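Below you will find the structure I want to go over with you.
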Amino acid sequence: MKKAFILIDCNNFYASCEKVFQPKLKNKPVVVLSNNDGCIVARSNEAKALGIRMGQPYFECMDIIKKKSVSVFSSNYTLYADMSSRVMNILELFSPMVEIYSIDEAFINYEFDSPEKVNEYALKIKKTVEKWTGLSITVGIGDTKTLSKAASYIAKKNDLYKGILSLSFRDDIDEFLKKIPVYEIWGVGRQYSKHLFNHGIENACSLKYADESWVKKTMTVCGLKTALELKGISCISLSDTITAKKTIISSRSFGKPVEKLDDLRESVAMYVSNASEKLRKQSSIASIISVFINTNRFKDEPQYSNYSSSSLQVPTSYTPDLIKCANNILEKIYREGYKYKKAGVMLSGIVPKDQIQLNLFVPLFDSEKKIRIMKTVDCLNKKYGNNTVFTGSCGIKKEWQMRRDLKSKNYTTDWDDIPVIKLP
DNA sequence: TCTGGGGTCCTAGGACCC
DNA sequence: TCTGGGGTCCTAGGACCC
């Protein structure tokens with residue numbers, strides 16, 4: 001028996017989610033935009049073929065989008081999160097060892113005694129997910145996580161593999177690795193690939209055989225782990241438990257430039273509400289809060305950005321207290337006369353709510369009343385939708401709010417948006 | 001007009017302690 | 001000719017991921 005890592009990766013995830021609910025878009029180019037309708041964050045295969053790049057600003061590719069009638073969507077995270085959990089639930093039927101790695105990827109551990117069994121297993125997963133969700137996936141298999149990623153990369157590049165490739169039980173792995181440029185290796189980004197290239201290491205195979213001590217010296221232990229994983233030595237294990245976040249960030253670009261402190265205050269209160277809701281969801285409290293604001297770096301106008309943090313006397317997850325603290329920070333860093341583009345809030349010093357550092361002089365816990373209020377607010381928002389109940393300081397009109405002009409419906413989570421099927 | 005958001009881990013260097 | 005040494009903790013910054 002041999003343990004293998006199996007990477008399941010949804011193809012063009014956001015774009016595919018949109019296509020599932022609009023069958024007429026089959027074989028048509030589709031793109032999905034980032035928050036604020038800023039950049040391209042997902043492209044269907046047809047859109048990729050038109051040369052639209054990942055991360056490209058929307059306005060830059062407006063021409064080709066119009067000319068080729070590309071369908072454009074604002075990002076609809078409610079829909080994508082729900083589709084993602086459908087996929088993950090299916091995977092859990094196939095193995096008790098599933099690590100949800102991102103919204104559209106998961107690693108599975110499974111043991112096999114032959115290459116035929118590997119392919120049989122992969123094909124079954126692929127067919128089930130595609131039939132039950134309408135989303136297509138790629139399955140990459142290898143003796144380590146990094147090799148499963150490599151397999152998935154090759155499978156996506158070449159239709160020959162029909163979305164499944166295993167590098168387990170093979171002695172010609174190097175032939176595959178030679179076809180992977182260093183910057184496509186999992187764990188090697190822009191900086192390291194430049195560095196490797198300068199030293200004549202141009203593909204995954206040459207990194208595999210590079211001098212280990214040199215790799216460690218110039219790319220830290222992370223780089224060394226990557227090199228070892230390419231050799232088939234597993235250094236990055238599967239973690240199938242959800243660990244609590246150590247930092248929680250909430251931030252957004254504004255739909256239009258913001259100049260007034262009052263508007264910034266509203267937005268920051270909103271971000272604190274989001275962040276502290278996430279904090280309570282993982283049953284934690286935070287002891288440090290930071291606020292940052294900045295102007296639009298792409299514009300030729302006076303620039304200003306700043307950030308400051310403050311420690312809370314009593315670690316908490318109580319939104320109003322956190323908003324108060326954030327407000328003080330904001331007033332400290334705000335300067336008049338600038339056009340602000342973005343603001344954000346970060347919570348850190350996060351610990352489980354029942355694990356507080358003892359302190360002799362201040363009361364330690366949030367009062368029972370505060371805890372009950374937050375619980376009620378969270379319940380109402382869960383039942384009746386986000387922001388059904390919110391703190392007054394978040395504002396009502398929210399003129400600063402991000403743009404999402406092209407959002408699709410919440411087909412799977414909202415009774416009013418459920419698709420209607422018309423029979424002929 | 002228009003350029004995303006949310007995370008993790010590692011290291012170097014400084015402060016501080018005995 | 002001459003400096004103590006070893007350890008921990010914290011932070012900022014840099015790398016990476018999706």
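This is a predicted model, so every value here is computed, not measured. The sequence lines fix the lettering, A, B, ..., with proteins before strands; numbering per chain opens at 1.
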Atom-pair distance (CZ on F292(A); P on dG7(B)), nearest Å: 11 Å
Sugar-phosphate only, base, or nothing, as touched by I103(A) at under 4.0 Å among non-hydrogen atoms: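 Here I103(A) touches no strand at all.
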Sugar-phosphate only, base, or nothing, as touched by K145(A) at under 4.0 Å among non-hydrogen atoms: nothing
Touch class at under 4.0 angstrom, heavy-atom based, for I288(A) against every strand present: nothing
Option passing side chain to side chain contact (heavy atoms under 4.5 Å, CB included) with Y121(A) (candidates I164(A), I141(A), I108(A), V139(A)): I108(A)
Among dT3(B), dG7(B), dC10(B), the nucleotide that comes nearest once only the side chain of I249(A) is considered: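 Taking heavy atoms from C-beta onward, the closest nucleotide is dG7(B).
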Spacing of K245(A) atom NZ relative to dG6(B) atom P, expressed in whole Å: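 One finds 12 Å between P of dG6(B) and NZ of K245(A), rounded.
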Touch class at under 4.0 angstrom, heavy-atom based, for N35(A) against every strand present: sugar-phosphate
K127(A) and E130(A) ion-paired at < 4.0 Å: no
Euclidean distance, atom OH of residue Y271(A) to atom P of dG4(B) [Å, nearest integer]: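 The answer, rounded to whole Å, is 13 Å.
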Secondary structure of DNA chain B in dot-bracket form (Watson-Crick or G-U wobble, distances below 3.5 Å, | marking inter-strand pairs): ....||||||||||||||
Sugar-phosphate, base or nothing in reach of K194(A), heavy atoms under 4.0 Å: nothing
Sugar-phosphate, base or nothing in reach of E105(A), heavy atoms under 4.0 Å: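 Sugar-phosphate, backbone atoms only, no base.
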Intermediate values then yes/no, side chain to side chain contact (heavy atoms under 4.5 Å, CB included), E266(A) and Y271(A): CA-CA 9 Å; E266(A) 283 185 11; Y271(A) 306 145; over 6 Å; no
Sugar-phosphate, base or nothing in reach of S250(A), heavy atoms under 4.0 Å: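 Answer is sugar-phosphate: S250(A) comes under 4.0 Å of backbone atoms only.
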Ion pair D263(A)/K398(A), N-O distance below 4.0 Å: no
Sugar-phosphate only, base, or nothing, as touched by D37(A) at under 4.0 Å among non-hydrogen atoms: nothing
Touch class at under 4.0 angstrom, heavy-atom based, for Y58(A) against every strand present: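 Answer is nothing: Y58(A) stays at 4.0 Å or more from every strand.
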Gap between atoms NZ and C1', on K225(A) and dA15(C) respectively (whole Å): 14 Å
Nearest-nucleotide comparison on DNA chain B, the residue closer to the 5′ end among F59(A) and K278(A):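 Its nearest nucleotide lies further toward 5', so the answer is F59(A).
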